[in-house]
Enquirer: 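Quick one: the structure is below, and I'll ask about it shortly.
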2 protein chains.
Amino acid sequence: MPSPIRCPIRPEESGWLAQAARQAKQRRLAAGDCLFRQGDRAQAIFRVEQGRLRLVRHLADGSAVTLHVARAGDGLAEAALFASQYHCDAVAEIDSSVAVIARAPLLAALHGDAESSLAFAADLSRQVRNLRWQLELRNIRSARERLLVWLRLQANPDGVVTLDRPWTVIAPELGLSHEAVYRALARLTAERRLRRKKDRVQLI
Amino acid sequence: MPSPIRCPIRPEESGWLAQAARQAKQRRLAAGDCLFRQGDRAQAIFRVEQGRLRLVRHLADGSAVTLHVARAGDGLAEAALFASQYHCDAVAEIDSSVAVIARAPLLAALHGDAESSLAFAADLSRQVRNLRWQLELRNIRSARERLLVWLRLQANPDGVVTLDRPWTVIAPELGLSHEAVYRALARLTAERRLRRKKDRVQLI
DNA sequence: CGGAGCCTTGAGAGCTGTCAATCCGGGTGG
DNA sequence: CCACCCGGATTGACAGCTCTCAAGGCTCCG
């Protein structure tokens with residue numbers, strides 16, 4: 001009998017990276033500032049301490065695509081450890097601060113430190129799991145079902161979900177408009193599949 | 001001036017894992033066979049050599065969600081290295097064979113081998129990049145635009161994309177029905193944004 | 001020649017996104 | 001103490017889009 005397992009959509013604090021960030025120097029960015037640009041030599045990896053950065057990749061024809069939005073606690077440009085240059089731009093969406101972890105010393109240290117390298121791998125594998133999960137969530141077309149599955153995964157064993165951020169923030173993470181989310185919540189409530197009270201949701 | 005960068009949606013052969021798999025023993029699975037179940041003690045990680053495995057997670061209420069479909073060349077259950085038990089079921093969709101890499105010896109080896117640990121991390125960071133990219137691709141609502149962006153990323157510097165699998169296979173990877181893809185291709189062709197010839201697409 | 005995949009295109013239904021309007025609770029300045 | 005403002009929460013209306021179901025056509029291969 002498989003046991004239910006909790007899977008946070010928002011990646012938890014990256015244990016290893018958080019550690020590395022502690023000894024790193026901070027850099028502050030005003031909204032709109034650019035941390036690095038696509039093609040720059042990769043000189044550091046980062047951890048977002050405050051604020052929000054958007055990673056944007058430029059395509060051959062000049063158009064751009066957002067690759068990711070990194071928030072407080074997220075790692076940033078981990079892949080730059082293994083590449084000679086950045087593959088996208090990083091721009092602060094709001095005033096932010098990041099821990100700057102220089103690439104060369106870090107890489108050198110990791111080369112001689114199996115424990116840290118493994119811890120780093122563990123962080124990444126956790127991210128892979130979360131990302132896979134988010135991707136599959138998007139394969140659920142129906143807003144109602146997608147929301148329901150998301151809630152089930154967030155729920156504690158009693159079927160209770162406590163929200164730590166407003167639906168307007170959660171909706172885009174689910175790939176839905178906030179209106180769609182509210183409508184789905186309304187229908188699920190009407191169908192007696194859940195109960196709502198403020199920022200608590202009880203699954204039935 | 002940022003240079004265009006190629007980003008395969010299908011993760012390339014995982015260099016490090018491929019290496020590790022070479023010395024591992026193989027296991028054959030008939031369609032429908034189960035490689036491991038959610039809650040089983042994590043005793044090995046795997047690499048799909050042939051066939052296709054589906055990873056399914058069971059939720060608290062008994063429903064199930066597909067987490068991932070692993071194909072030839074893909075790693076399988078890498079996260080199990082860092083967990084004591086599997087977090088999902090793995091079932092062969094068709095006759096398949098996997099390389100079985102025992103967990104304990106591998107972990108022991110990695111603990112003393114910074115190089116391999118780093119190589120493993122590099123594999124994972126590549127996966128993270130690909131997954132992020134796929135996730136953001138899904139944020140593009142319009143089938144036409146999504147397809148176009150995908151093509152741009154797949155294109156070589158000349159704007160040529162050569163397909164190694166039929167559209168019927170690509171379509172679900174893009175989160176679209178194959179009909180939607182064909183229609184998008186037809187419109188893009190009519191708009192002279194691309195030319196098609198067999199399994200080659202030329203962007204304009 | 002027949003069949004199996006793949007490719008294409010048509011028609012209709014259902015769903016979500018977008019635009020808009022309203023309500024509500026909390027915080028602020030007068 | 002009250003008017004005001006702002007962000008979040010809700011709900012309605014509508015257009016546009018993709019999905020699904022269906023029906024061929026095309027190509028390769030036995």
Side-chain angles (χ1 to χ4, degrees), chain A residues 10 31 51-52 66 71 93-95 134-151 154 161-202, chain B residues 10 31 51-52 66 71 93-95 134-151 154 161-202:
Chain A
R10 297 275 309 132
R52 198 168 67 228
T66 295
R71 292 146 201 264
E93 289 200 327
I94 56 181
D95 292 357
Q134 287 185 60
L135 203 50
E136 288 296 337
L137 195 61
R138 298 292 182 98
N139 285 341
I140 304 174
R141 298 276 165 195
S142 153
R144 198 155 81 261
E145 287 308 311
R146 191 188 300 175
L147 179 60
L148 197 52
V149 170
W150 183 83
L151 284 168
Q154 301 290 314
V161 182
T162 306
L163 303 169
D164 61 344
R165 53 198 187 287
W167 287 110
T168 34
V169 173
I170 294 170
E173 292 176 13
L174 292 173
L176 295 170
S177 66
H178 60 103
E179 294 97 324
V181 169
Y182 290 128
R183 273 189 264 266
L185 284 168
R187 286 192 60 174
L188 288 169
T189 306
E191 292 166 3
R192 302 184 183 290
R193 308 233 266 174
L194 58 79
R195 268 193 287 269
R196 297 175 58 197
K197 192 188 293 180
K198 287 233 167 196
D199 54 358
R200 275 186 34 142
V201 179
Q202 166 77 248
Chain B
R10 296 276 309 132
R52 198 168 65 228
T66 296
R71 292 147 199 262
E93 290 200 326
I94 56 181
D95 293 357
Q134 285 185 61
L135 204 49
E136 289 296 336
L137 196 61
R138 299 293 182 97
N139 284 341
I140 303 175
R141 298 278 165 195
S142 155
R144 199 156 80 260
E145 287 307 313
R146 190 189 301 176
L147 178 61
L148 196 52
V149 169
W150 182 83
L151 283 168
Q154 301 289 317
V161 182
T162 306
L163 303 169
D164 62 344
R165 54 197 187 286
W167 287 110
T168 34
V169 173
I170 295 170
E173 292 175 13
L174 293 173
L176 295 170
S177 66
H178 60 103
E179 295 97 323
V181 169
Y182 290 128
R183 274 189 261 267
L185 284 169
R187 287 192 59 175
L188 287 169
T189 305
E191 293 166 3
R192 303 184 184 290
R193 308 232 267 175
L194 58 80
R195 268 193 286 270
R196 297 175 58 196
K197 191 187 295 181
K198 290 230 165 201
D199 55 357
R200 276 186 34 142
V201 179
Q202 166 77 248

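First the proteins, then the strands, lettered A, B, ... as listed; each starts at 1.
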Enquirer: Under 4.0 Å between any heavy atoms, over every strand shown, what does B:Arg146 touch: base, sugar-phosphate, or nothing? Just pick one.
Expert: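 No contact.
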Enquirer: Taking all heavy atoms of B:Leu174 and all of B:Arg146, pick out the closest pair and write down the distance.
Expert: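 Result for this residue pair: O-NH1, 2.5 Å.
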Enquirer: For the backbone of B:Leu188 and the side chain of B:Arg193, can you confirm whether one donor and one acceptor N or O come within less than 3.5 Å of each other?
Expert: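 Here the side-chain-to-backbone pair does not exist.
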Enquirer: Is there side-chain contact between A:Trp167 and A:Leu147, with at least one heavy-atom pair below 4.5 Å?
Expert: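 Yes, close enough: below the 4.5 Å cut-off.
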Enquirer: Looking across every strand, which nucleic acid part, if any, lies under 4.0 Å from B:Lys198 by heavy atom: base, sugar-phosphate, or nothing?
Expert: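 Counting heavy atoms under 4.0 Å across all strands, the contact made by B:Lys198 is with sugar-phosphate only.
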Enquirer: Could you please name the option among C:dG17, C:dC7, D:dT18 that lies closest to any side-chain atom of B:Ser142?
Expert: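 The answer is D:dT18, which lies nearest to the side chain.
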Enquirer: When the distance from CG of B:Leu147 to P of D:dT18 is rounded to whole Å, what number comes out?
Expert: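 Between P of D:dT18 and CG of B:Leu147: 11 Å.
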Enquirer: Starting at atom CG of B:Asp199, determine the distance to atom P of D:dC28, rounded to an integer number of angstrom.
Expert: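 The answer, rounded to whole Å, is 12 Å.
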Enquirer: Which of these nucleotides, C:dT16, C:dT8, C:dC7, is closest to any side-chain atom of B:Pro166?
Expert: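 Nearest nucleotide to the side chain: C:dC7.
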Enquirer: Checking only heavy atoms, does the side chain of A:Glu179 share a donor-acceptor pair with the base of C:dC19 at less than 3.5 Å?
Expert: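 Between C:dC19 and A:Glu179, which were checked side chain against base, a qualifying N/O pair under 3.5 Å is present.
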Enquirer: Rounded to the nearest angstrom, tell me the gap between atom CD in B:Glu145 and atom P in D:dG16.
Expert: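 Interatomic distance, CD of B:Glu145 to P of D:dG16: 17 Å.
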Enquirer: Expressed as a whole number of angstroms, how long is the span from B:Leu174:CG to D:dC17:C1'?
Expert: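 Rounded to whole Å, this separation is 17 Å.
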Enquirer: Is the shortest side-chain N/O distance from B:Ser177 to OP1 or OP2 of D:dC19 below 4.0 Å?
Expert: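 Result: yes.
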Enquirer: Examine D:dT20: is either OP1 or OP2 under 4.0 Å from a nitrogen or oxygen in the side chain of B:Arg183? Give yes or no.
Expert: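 Indeed not, no polar side-chain atom of B:Arg183 lies that close.
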Enquirer: Can a side chain N or O of B:Thr168 be found less than 4.0 Å away from OP1 or OP2 on C:dC7?
Expert: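 Affirmative; the distance criterion is met.
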Enquirer: Scan B:Arg141 against the nucleic acid and name what it touches under 4.0 Å (heavy atoms): base, sugar-phosphate only, or nothing.
Expert: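 Sugar-phosphate contact only.
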Enquirer: Check this one for me: any side-chain N or O of B:Arg187 less than 4.0 Å away from OP1 or OP2 of D:dT18?
Expert: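 B:Arg187 to D:dT18 OP1/OP2: no side-chain N or O under 4.0 Å.
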Enquirer: Could you check whether any side-chain heavy atom of B:Val169 comes within less than 4.5 Å of a side-chain heavy atom of B:Arg71, counting everything from C-beta outward?
Expert: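 They are in contact (side-chain heavy atoms under 4.5 Å apart), so the answer is yes.
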Enquirer: To the nearest Å, how far apart are A:Arg144 CZ and C:dG17 P?
Expert: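 Value for this atom pair: 14 Å.
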Enquirer: How many whole angstroms separate atom NZ of B:Lys197 from atom C1' of D:dT27?
Expert: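 B:Lys197 atom NZ is separated from D:dT27 atom C1' by 18 Å.
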Enquirer: Rounded to the nearest angstrom, tell me the gap between atom NE2 in B:His178 and atom C1' in D:dA23.
Expert: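 Interatomic distance, NE2 of B:His178 to C1' of D:dA23: 13 Å.
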Enquirer: Please give me the minimum heavy-atom distance between A:Arg141 and B:Gly175, naming the atom from each residue.
Expert: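 Smallest interatomic distance, heavy atoms only, reads NH2-O, 2.5 Å.
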Enquirer: Could you tell me the separation between the CG atom of B:Leu188 and the P atom of C:dT8, rounded to a whole number of Å?
Expert: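 Rounded to the whole Å, the gap is 13 Å.
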